[in-house]
Amino acid sequence: MANITAALVKELRERTGAGMMDCKKALVAADGDIEKAIDDMRKNGQAKAAKKAGRVTAEGVIVSASSANGVFIAEINCETDFVAKDASFNEFCNNVVALAAENNVTDVEAIKALTYANGETVEVFLNNLIAKIGENMSIRRVSAIKGSNVGLYIHGNKRIGVLVDMEGGDSALANDVAMHVCGLAPQYVNPSDVPAEQVEHERQVQLEIAMKENAEAAKPKPAEIVEKIINGRMAKYTGEVSLTTQNFVKDDSITVGDLLKKNNAVVKSFVRMVVGEGIEKQVVDFATEVAQQVAAAQK
């Protein structure tokens, strides 16, 4: 049997809204596979929804720069929120993304090889900064878009950054759509962009849910009605994860698609970066952290 940790139970609770014991039982039954546990809980009616957001625990910033090569955003990480606010760390981050934009480079290893200052490479300067501040740091990823109308939005605390590649409209609209992507986190531009395997997986989940509901109903519905119910739920599902079918964040009386059509604009693609997305950060309580620091100082 898989080792079911408290952290895994906590994550399942956050993603499903179900009770702690239900989450633990589901993980045991799924042999520790959290995605299978989510599907099983949804099919059994224990979870209202499986939230898609991954754990975001690492620290750092999202920074941006523009050049003739396009608009660039980069995620640069550190260990603590304290260093994420440090002036020298932020200066380094801004300089790195500016170098990437100037040299039209998005590959991290290639960026680390660029000349930073005084003949030193970015990698050498970074290693020196790590030694100076005493905390590990890394350039995690860089993305860029070069188009006729690129929207940019960096959230106030620099933890989320978005680029939108738009044709038509104006810069204000592109930036508004980027802000929408920041806030509502769509996964695709249009419902038709949702991968077939993802659609089929969700359809199977909805089929089992509908069959269970129908079996428990006092008056079961005909098969064609059940099929219509499933189709309606699928349309809702693909609509919720797609940019153009979401209600616009600044005016929920219209969809983003309607807004784009009104302004003769089309979104071709977007990039959304969240600091620490997918990185699990070790949680250490304050007393343990102090004890570790004292022990390290005595060595």
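Starting from 1, each residue takes its place in the sequence as its number.
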Evaluation steps, side-chain contact (heavy atoms from CB on, under 4.5 Å), between Q187 and Q198: CA-CA 12 Å; Q187 298 175 40; Q198 184 174 332; 3.8 Å; yes
Side-chain heavy-atom pair [X], [Y] within 4.5 angstrom cut-off:
X: L163; Y: Y153; answer: no
X: T255; Y: L259; answer: no
X: I76; Y: S138; answer: no
X: K112; Y: V124; answer: no
X: M179; Y: K250; answer: yes
X: I160; Y: I154; answer: no
X: T115; Y: T121; answer: no
X: H180; Y: L243; answer: yes

Criterion side-chain contact (heavy atoms from CB on, under 4.5 Å) on S88 and I133, from CA distance to verdict: CA-CA 9 Å; S88 57; I133 294 181; 3.7 Å; yes
Rounded to the nearest 0.5 Å, what separates atom [atom1] in [X] from atom [atom2] in [Y]?
X: Q206; Y: H201; atom1: CD; atom2: NE2; answer: 10.0 Å
X: F89; Y: C78; atom1: CZ; atom2: SG; answer: 4.0 Å
X: E79; Y: I130; atom1: CD; atom2: CD1; answer: 9.0 Å
X: N157; Y: D81; atom1: CG; atom2: CG; answer: 9.0 Å
X: E202; Y: Y237; atom1: CD; atom2: OH; answer: 5.0 Å
X: K261; Y: T244; atom1: NZ; atom2: OG1; answer: 12.0 Å

Any idea which heavy atoms bring [X] and [Y] closest together, and the distance?
X: A218; Y: P220; result: O-CD, 3.7 Å
X: E75; Y: G276; result: OE2-N, 2.8 Å
X: V108; Y: R140; result: CG2-O, 3.5 Å
X: L99; Y: L114; result: O-CD1, 4.1 Å
X: K221; Y: V226; result: O-CG2, 4.0 Å
X: N175; Y: G151; result: OD1-CA, 3.4 Å

Could you tell me whether the side chain of [X] and the main chain of [Y] form a donor-acceptor pair under 3.5 Å?
X: N190; Y: D193; value: no
X: N149; Y: D170; value: yes
X: D107; Y: E109; value: yes
X: T245; Y: G239; value: yes
X: N103; Y: V105; value: no
X: N77; Y: V275; value: no
X: R159; Y: V61; value: no
X: S67; Y: A101; value: yes
X: E167; Y: V267; value: no

Pair K262 + D258, salt bridge at N-O below 4.0 Å: no
Electrostatic pair R233:E240 at N-O distance under 4.0 angstrom: no
Single-linkage hydrophobic cluster, 4.5 Å side-chain cutoff, [X] and [Y] together:
X: F248; Y: L173; value: yes
X: V177; Y: V266; value: no
X: V271; Y: V142; value: no
X: V97; Y: I145; value: no
X: F72; Y: V150; value: no

Geometric class of the F92/Y116 ring pair [parallel <30°, tilted 30-60°, perpendicular >60°]: tilted
NZ (K158) with more than 12 external heavy atoms under 6.0 Å: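 Yes, the 6.0 Å shell around NZ holds more than 12 heavy atoms from other groups.
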Donor on one side chain, acceptor on other, [X] and [Y], under 3.5 Å:
X: E200; Y: Q204; answer: yes
X: R203; Y: N231; answer: yes
X: E216; Y: N214; answer: no

Worked check of side-chain contact (heavy atoms from CB on, under 4.5 Å) between I139 and E123: CA-CA 9 Å; I139 303 168; E123 184 171 25; over 6 Å; no
Verdict with reasoning, L8 to T5, per side-chain contact (heavy atoms from CB on, under 4.5 Å): CA-CA 5 Å; L8 196 61; T5 65; 3.4 Å; yes
Residue from E59, E135, K85 passing side chain to side chain donor-acceptor pair (under 3.5 Å) with T80: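 Output: one option passes, namely E135.
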